[in-house]
Amino acid sequence: MEELRGHHGTWRFDGQTVRLRFDSGRRVPTLFKHLGECAVPLAAVREIEFDRGDRKRGWRLRLRLVDGADPYANLGVPGRGGTSPLLLTGPHDRELVAEYVADELTSTVRLARETADGVPDPRQVARGLVARLPFQARTAEGSATFDGTRVRIQWDGLMAGSAKEKEKAREFRLTEIAEARWLPPVDLTEGLLRIELRGVTVSEATDIEHDFFTLASHGTKGGDETLLMAATINAHLTPSPVPEAAALPGAGPSPSTEQDAETIFATIRELGRLHAEGLLTDEEFGAKKAELLGRL
């Protein structure tokens with residue numbers, strides 16, 4: 001079994017799997033400490049990227065996975081070389097060893113894909129790269145908890161504003177959620193974890209103190225935890241159901257139809273809250289409610 005040691009952990013690979021094992025030292029990113037160890041089937045790897053770097057930056061080895069298998073791919077801001085378990089870095093003086101291992105890994109991946117019975121389920125691969133459930137992320141504003149079926153955001157931290165302190169907490173069913181977004185803190189600007197619901201749009205101009213879909217992070221406190229939370233939620237989401245042909249007369253509702261109806265009513269309730277808080281006008285609320293009811 002080949003292995004490569006980096007700054008924050010070790011990668012080991014055989015003919016089927018890359019095992020990513022992370023350290024627990026003081027300088028290890030919090031995200032890696034939470035993960036501990038995870039694995040990627042070689043058949044799910046699309047490409048190996050290796051950068052020799054220089055004396056200051058050192059080398060970088062990254063796995064690029066098939067579409068839908070990397071839960072970190074669409075998080076953060078464009079061009080950010082942020083924290084990811086699929087990126088291993090190391091010192092410049094071990095560049096030749098790292099390059100050799102990268103070449104070996106490339107050959108092994110090619111062979112694994114040629115001999116595999118199809119590509120592994122991307123959703124299963126993604127779930128192997130995120131936190132084990134239940135998982136809680138804590139920041140100076142509060143916490144977010146995910147148990148596989150619900151996300152609960154609670155604002156009880158020192159940095160929580162008065163509006164969120166008064167609201168205390170909110171819960172969102174997984175079936176209501178379209179996506180979890182994450183943005184890192186930049187300079188004096190707060191980072192955030194935002195829950196986006198199906199059919200609900202919140203104005204980007206809404207300030208964080210009154211945005212009851214967000215958990216803010218400040219500086220380095222909570223940034224890695226909220227990144228991991230966003231990736232974990234997204235890895236457990238199921239694709240939006242594809243509309244099917246109308247059921248035969250007299251047939252009862254299918255499970256997917258019942259689930260769709262539950263999601264629609266939950267969305268209407270959330271719209272009602274936004275309307276009551278003044279974030280939606282009477283016209284916007286009425287039009288969206290009529291549109292949603294029309295889908296039933």
Side-chain angles (χ1 to χ4, degrees), residues 26 28-36 71-72 74-77 80 82-83 130-198 200-237 266-267 269-280:
R26 183 172 58 86
V28 176
T30 304
L31 185 148
F32 295 164
K33 293 179 183 179
H34 279 298
L35 288 176
Y72 303 88
N74 298 318
L75 296 173
V77 296
R80 180 178 185 266
T83 304
V130 295
R132 297 174 180 84
L133 302 181
F135 175 60
Q136 182 181 81
R138 177 160 286 281
T139 74
E141 189 181 59
S143 64
T145 306
F146 178 46
D147 64 3
T149 60
R150 292 175 183 266
V151 176
R152 176 181 173 83
I153 298 180
Q154 185 167 325
W155 301 286
D156 58 357
L158 294 175
M159 298 295 290
S162 57
K164 286 185 173 179
E165 278 191 328
K166 183 178 180 181
E167 184 71 14
K168 294 183 180 179
R170 281 197 181 179
E171 286 192 354
F172 309 98
R173 288 191 293 270
L174 189 64
T175 53
E176 298 177 79
I177 298 173
E179 181 185 15
R181 291 180 55 202
W182 178 83
L183 289 175
V186 179
D187 297 328
L188 298 178
T189 304
E190 298 100 332
L192 61 85
L193 165 73
R194 170 175 279 134
I195 304 300
E196 296 193 349
L197 302 186
R198 300 180 191 272
V200 176
T201 301
V202 178
S203 171
E204 294 289 344
T206 303
D207 63 278
I208 291 181
E209 183 175 345
H210 292 87
D211 187 342
F212 301 118
F213 297 85
T214 63
L215 178 68
S217 57
H218 305 77
T220 58
K221 176 61 177 175
D224 272 10
E225 290 93 332
T226 49
L227 168 59
L228 183 55
M229 177 60 77
T232 303
I233 294 169
N234 289 340
H236 285 81
L237 293 176
T267 302
R269 287 194 294 270
E270 191 60 43
L271 287 171
R273 273 198 298 203
L274 293 173
H275 177 240
E277 292 163 5
L279 297 175
L280 291 176

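The analysis underlying the following values was restricted to heavy atoms, covering all of them including side chains, and did not include hydrogens, waters or symmetry mates.
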* To do: Starting from the C-alpha separation in whole Å, work towards a yes-or-no answer on side-chain contact (heavy atoms from CB on, under 4.5 Å) for L75 and L183.
  => CA-CA 7 Å; L75 296 173; L183 289 175; over 6 Å; no

Could you tell me whether a side-chain N or O of [X] sits under 3.5 Å from a main-chain N or O of [Y], the two making a donor and an acceptor?
X: D147; Y: P134; result: no
X: T232; Y: A131; result: yes
X: W155; Y: A163; result: no

* Atom pair CD (E179) and CG (N234), whose distance is rounded to the nearest 0.5 Å ->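 Going from the CD atom of E179 to the CG atom of N234 covers 5.5 Å.
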
* Describe, in one word, how the ring planes of F213 and F172 are oriented to each other, choosing from parallel (under 30°), tilted (30 to 60°) and perpendicular (over 60°). =>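 It falls in the parallel class, under 30°.
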
Contacts of [X] that satisfy side-chain contact (heavy atoms from CB on, under 4.5 Å) - sequence neighbours left out:
X: P185; result: S217
X: E190; result: I208, A216, H218
X: A178; result: R198

* **Derivation and outcome, side-chain contact (heavy atoms from CB on, under 4.5 Å), residues T226 and T139** => CA-CA 8 Å; T226 49; T139 74; 3.6 Å; yes

Decide yes or no for [X] and [Y]: does some side-chain heavy atom of the first lie under 4.5 Å from some side-chain heavy atom of the second?
X: I153; Y: F212; value: no
X: T30; Y: L228; value: no
X: T145; Y: V151; value: no
X: V130; Y: H236; value: yes
X: F135; Y: I233; value: no

* Show the numbers, then the answer: is there a side-chain contact (heavy atoms from CB on, under 4.5 Å) between F32 and D224? => CA-CA 9 Å; F32 295 164; D224 272 10; over 6 Å; no

For the residue pair [X] and [Y], what are the closest heavy atoms and their distance?
X: I177; Y: I195; answer: CG1-CG2, 3.8 Å
X: L133; Y: G148; answer: CD1-CA, 3.5 Å
X: A230; Y: W182; answer: CB-CB, 3.9 Å

* **Donor + acceptor pair across side chains of Q154, S143 (<3.5 Å)** =>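 No, because no side-chain N or O of Q154 sits under 3.5 Å from a partner of the opposite role on S143.
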
* Is there a donor in the side chain of E141 and an acceptor in the side chain of T214, or the other way round, less than 3.5 Å apart? ->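 On atom types as modelled, these side chains do not qualify, holding no pair under 3.5 Å.
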
* To do: Give a yes or no on whether K168 atom NZ has more than 12 heavy-atom contacts from other residues, nucleotides or ligands under 6.0 Å away.
  =>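 Counting other residues, nucleotides and ligands, NZ of K168 stays at 12 neighbours or fewer.
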
* Asked: Would you say R152 has more than 12 foreign heavy atoms packed within less than 6.0 Å of its CZ?
  ->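 It does: R152 CZ has more than 12 such atoms within range.
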
* **D156 vs K164, salt bridge (Lys or Arg N to Asp or Glu O under 4.0 Å): CA-CA, chis, key distance, verdict** => CA-CA 8 Å; D156 58 357; K164 286 185 173 179; over 6 Å; no

* **Presence of salt bridge, R181 and E196, under 4.0 angstrom** =>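 Salt bridge flag = yes for R181 with E196.
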
